[in-house]
Amino acid sequence: MATATTIAKLPKHVGQTVTLSGWLYNSRSSGKLAFLILRDGTGLCQCVLEKTDANAELFQTAKRLGQESSLVVDGQVRADERAVGGYELIVGDLRVVQNVEGYPISPKAHGTEFLMNHRHLWFRSKRQWAILRVRSTLVDAIRRFYNDRDFVLIDTPIFAPSAGEGAQTLFEADYFGDTVYLAQTGQLYVEAAMMAHRKVYCFGPTFRAEKSKTRRHLTEFWMVEPEIAYADLDDVIELAEDFVCEIVQRVLRDHRAELELLGRDLNKLENITKPFYRMTYSDAVDLLHGDRAREKFESDLAAAKSRVEQLSKEINEKEAERTAQGTKKWKVEKLAQEIADAREELTDAEELVRNIPHHMELAANFEWGSDLGGSDETVIARLHDRPVFVTHYPAACKAFYMKRNLNDPRVLDCFDLLAPEGYGEIIGGSQREDDLDILLERMKEENLDTAPYEWYLDLRRYGTVPHGGYGLGVERTLAWICGLKHIRETIPFARMMGRIYP
RNA sequence: UCCCCGAUAGCUCAAUUGGUAGAGCGAGCGGCUGUUAACCGCUAGGUUGUAGGUUCGAGUCCUACUCGGGGAGCCA
């Protein structure tokens with residue numbers, strides 16, 4: 001009697017007869033042998049069917065199964081180096097739940113528009129499967145970090161009567177005739193809860209109507225926001241440092257296989273340990289004006305230029321070989337794919353060559369007082385091999401609730417955490433302004449009507465204490481951990497400017 | 001809001017200075033006893049994003065629009 005099991009558990013069943021249920025990922029066959037690659041959600045397994053007099057009909061059925069046909073397979077488990085994952089199933093019997101015709105996503109290359117339009121099917125593919133498994137663990141690691149430290153989970157509302165931060169980027173909704181907004185942060189609410197529970201966090205989706213079409217932006221993304229009472233800026237930064245180390249190490253521990261499948265350089269993640277680098281905003285400005293930044297830009301530019309040259313040469317050579325007389329068909333196809341990959345890389349390199357001089361100019365002419373741009377963050381992060389905390393930004397570039405520094409009133413007790421390798425800002429946080437009068441002054445400067453914030457001001461009236469917290473964007477963090485080029489692959493169904501289907 | 005790039009078969013792409021729209025994959029059929037995005041042969045598959053314009057002739061040049069990709073600003 002065959003035992004039902006899953007592909008992940010096959011090593012425990014070598015020599016036994018088991019039943020697997022799943023979907024046909026790919027298949028190959030010859031006159032007497034068929035290889036069915038079965039996908040069951042836990043992994044891939046090669047199922048081998050040999051044609052005999054007794055199973056001629058079954059063999060014929062198996063050969064004609066379309067990609068993603070749903071199947072239940074009985075067979076004997078055998079270790080074999082030639083098979084994906086090292087184990088295979090010698091098929092005894094096979095039941096077809098549905099024979100599929102015309103599955104749109106073939107094992108060959110597709111463009112992003114096509115794949116995003118078929119996102120509901122795309123995430124059956126290996127890479128997407130790996131990413132979403134890592135996401136699941138990342139979310140678990142986040143929850144565990146706070147739960148293990150006695151933080152209380154507070155779910156904050158998604159319908160908000162007023163802006164949490166910048167008012168220009170709110171999605172509006174009709175609420176029985178009133179205009180309300182989709183939350184862009186849970187932070188103000190979490191501050192109220194912090195006064196009741198001391199250490200709290202919220203974790204949920206947030207919405208930003210930013211008209212940004214870039215590889216770093218979603219209109220709906222997940223954010224975790226801890227908030228702690230009786231804490232100053234250093235306490236908050238230390239918490240953030242421990243937090244990032246722990247979630248990265250947890251993913252590294254549980255998902256080496258997935259990260260390797262994604263082509264991630266694991267050394268870079270193993271290097272994510274305490275202490276991270278810290279610099280003030282003013283230090284960052286000096287860095288941008290200095291030789292190190294300029295040299296980094298120059299070496300990046302030189303590298304991009306030589307890459308462009310090298311790729312162009314490579315493409316020409318491969319193109320010549322591809323179109324030459326007598327090149328084998330499979331070789332032609334392989335070359336075509338390599339050429340396509342090289343062209344994509346070439347486009348990126350050419351873009352760098354165009355942009356770097358502009359970025360150099362931005363950095364060299366950067367004026368104290370404005371917020372760091374994407375290219376500024378990139379060069380700062382790329383000059384360091386671990387994440388960098390940039391602290392004490394000028395008041396004008398940050399939110400009204402951040403605490404004014406007592407020694408230098410021009411700046412705030414706040415920080416951003418920049419991820420390495422150019423992944424940009426993954427955390428923004430601060431000590432909060434606990435003085436009612438200064439807070440009111442800040443709101444006046446920002447032209448904020450106090451009426452919708454009366455409840456928030458009450459927190460300063462009744463038992464105010466030094467406190468602080470931060471917000472971490474899950475998708476940007478995941479993109480960094482997985483080494484992904486684009487944030488759209490980090491969330492099951494990406495919501496971005498110009499994309500709402502499926 | 002602004003700048004750059006793109007749209008050709010179901011998919012990924014070719015098509016020389018403007019001159020008969022092709023290939024691979026996928027699909028269908030046949031072959032092959034260990035394949036690894038298998039391979040080999042045959043078949044079907046097209047109003048070149050939309051609307052105008054230039055021209056003897058437009059996939060190719062021009063204009064507008066639509067959709068998509070990347071970036072700036074803004075941000076996690």
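All heavy atoms count here, side chains included; hydrogens, waters and symmetry mates do not. Each chain gets a letter, A, B and so on, in the order its sequence line appears, and its residues count up from 1.
Comparing A/Lys63 and A/Thr214, the nucleotide of RNA chain B nearest to each residue sits closer to the 5' end for A/Lys63.
For the side-chain hydrogen bond (donor to acceptor under 3.5 Å, both in side chains) test, no residue two or more places apart in sequence or in another chain qualifies with A/Thr156. Scored by the ring pair (Phe, Tyr, Trp, His ring centres under 6.0 Å) test, A/Phe159 finds A/Tyr175 as partners (sequence neighbours excluded).
Each of B/U35, B/U33, B/G70 was ranked by its minimum atom distance to the side chain of A/Arg488; first place goes to B/G70. The side chain of A/Arg82 lies closest to B/U35 when the candidates are B/A76, B/U33, B/U35.
Separation of the C1' atoms belonging to B/G45 and B/C5 is 30 Å when rounded to the nearest angstrom.
Under the 4.0 Å criterion applied to side-chain N and carboxylate O atoms, A/Arg294 and A/Glu298 are assigned as salt-bridge partners.
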Using a cutoff of under 3.5 Å, can you pull out all pairs of nitrogen or oxygen atoms linking the protein to nucleotides 64-68 of chain B, with atom names and distances?
residue, atom, partner, partner atom, Å
B/G68, OP1, A/Gly498, O, 2.9

Return the polar atom pairs (N/O with N/O) between nucleotides 9-11 of chain B and the protein under 3.5 Å, or none.
residue, atom, partner, partner atom, Å
B/C11, O2', A/Ala109, O, 3.3
B/C11, O2', A/His110, ND1, 2.5

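In RNA chain B, stems built from 3 or more consecutive Watson-Crick or G-U wobble pairs, each with both distances under 3.5 Å, span B:1-7 with B:66-72, B:10-13 with B:22-25, B:27-31 with B:39-43, B:49-53 with B:61-65.
The aromatic ring centroids of A/Tyr146 and A/Phe243 lie less than 6.0 Å from each other.
A salt bridge (Lys or Arg N to Asp or Glu O under 4.0 Å) check over residues 134-143 of chain A, counting only residues at least two apart or in different chains, returns the pairs A/Arg135-A/Glu475, A/Asp140-A/Arg144, A/Asp140-A/Arg250.
Test A/Asp416, A/Leu418, A/Thr477 against A/Ile426 for side-chain contact (heavy atoms from CB on, under 4.5 Å) and you get one pass: A/Thr477. Paired with A/Val48 under the rule side-chain contact (heavy atoms from CB on, under 4.5 Å), one option of A/Leu36, A/Leu89, A/Val91, A/Leu33 passes, and it is A/Leu33.
Judged purely by distance below 3.5 Å, without hydrogens or angles, the side chains of A/Thr490 and A/Arg488 never pair a donor atom with an acceptor atom.
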